[in-house]
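What follows is a set of notes on a single structure, which appears directly below.
Since we're looking at a predicted model, the values are computed, not measured. Computation of the quantities below employed the complete heavy-atom set of this structure, encompassing side-chain atoms and omitting hydrogens, waters and symmetry-equivalent molecules. Whatever order the structure lists ligands and atoms in, that order sets their numbers, starting from 1.
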Amino acid sequence: MRKKVIAGNWKMNNDLSGAVELISGIKGNYEPSENVKAIICPPFISLETAAELLKGTDISLGAQNMSEEDGGAFTGEISHSMLKSVGCEYVILGHSERRTIYNESDELINKKIHKALETGLKPIFCIGESLEQRESGVTNDVVSEQVKKGLDGVSEEALENVIIAYEPIWAIGTGKTASPQQAQDVHETIRNLIGELYSDSAASKIIIQYGGSVKPDNALELLSQKDIDGALVGGACLKAESFAAIINAGK
Ligand code: 13P
C-alpha cells in the first residue's frame, strides 16, 4: 500500500513571521496518521526555523529548488549541503514555474535530480502539460518525454527516493482543477511508463502526486483515484486550516 504524500509548496509567500504563524496553525489543525506523509516547502530563508518548529512532529521539510552544482561562484544559488544542513529531506525540482519563467530545461532538471539523489535529498519531480498541449491532444507524449528526460540515468534503486508530481500547467493557480478522471488517466500513463522503463515493482511503489488547484473540497475525490498518491498544493497550503484539511483527507 502506497502512503498518501501531501506536500505544500509555499512558492514566494510568507516572510519569517508569516512562516512561524502558518506552521503553528498547521500543527494545531492536522491529524497525524500513519497513512499520510505531510511535507512543507517554505522559501529558503524560513527553512531553518521551520525545521526547529517541526521537531517532534511527523511533518517533513522540503525546499523549492536547488542548484545542480556543489558550491562555488554561483551567485544567488543554494546547494544540496546547505539544504541538508538546515534539515531538508525533500526538494521540489522542475516545477513548471521554474521551467517556464526561469527557462529550466529537462537536461538541467535531470542534473538536479541526480545531484539530489547522490547527496541524499529526495526530489519531488514536477511534470505537466500546457493548455495548448492538452488541447492538441499531446498530453501523454509531453508528460512521458518529461519523465524519460528527467529520470535519464536514474537507477531503479535511486528511483525509490523520487516522488513524481503531475501538475497540468493550466490547472496551477487558476482554480481549474483537472477532473479526477483526467488526472487519473495521466497518472496511469506515468505509472505504466515507469513499469516499462524500470519494472512492475518500481511502478507499483512510485508515489505520483497531483497538483493544480487542489483544495479541501476536491482533495478527497482526487486522492480516491487509483493512481493518485498525494497532492502538491500551492494556494490552499497558505492557510493552515485548508492545508490541514487536505492532509486529513489523505487518511
Ligand atoms: P495551486 O494549488 O495554487 O494551483 O498550485 C499548484 C502548484 O503549483 C504546486 O506546486
Applying a heavy-atom cut-off of 4.0 Å, say which part of N9 lies close to ligand 1: side chain, backbone, both or neither. side chain
A236 contact mode with ligand 1 (heavy-atom cut-off under 4.0 Å): neither
For [X] and ligand 1, answer yes if some heavy atom of the residue is under 4.0 Å from a ligand atom, otherwise no.
X: A165; value: no
X: K11; value: yes
X: G212; value: yes

Of all the atoms in ligand 1, which lie at a distance below 4.0 Å from a heavy atom belonging to [X]?
X: L232; value: 9 (C), 10 (O)
X: A171; value: 4 (O)
X: S213; value: 1 (P), 2 (O), 4 (O)

Any idea how Y210 and H187 line up, ring-wise: parallel (<30°), tilted (30 to 60°), or perpendicular (>60°)? tilted
Closest by any non-hydrogen atom to atom 7 (C) of ligand 1: pick that one out of E167, K176, E97. E167
Hey, looking at atom 4 (O) of ligand 1, which of A231, G234, G173 has the closest heavy atom? G173
Looking at D106 and R99, does any basic side-chain N land under 4.0 Å from a carboxylate oxygen? yes
Salt-bridge criterion met for K115 and D70 (N-O under 4.0 Å): yes
Consider only side-chain heavy atoms of I, L, V, M, F, W and Y, link residues closer than 4.5 Å, and tell whether V154 and I206 are in one cluster. yes
Please find the pair of heavy atoms, one from [X] and one from [Y], that lie closest to each other, and give the distance.
X: N35; Y: K251; value: ND2-O, 3.8 Å
X: D152; Y: H114; value: O-NE2, 2.7 Å
X: S144; Y: T189; value: OG-CG2, 4.1 Å

Spacing of CD1 belonging to I169 relative to CZ belonging to R134, to within rounding of 0.5 Å: 11.5 Å
Taking distance alone, with N or O pairs closer than 3.5 Å, would you say G235 contacts ligand 1? yes
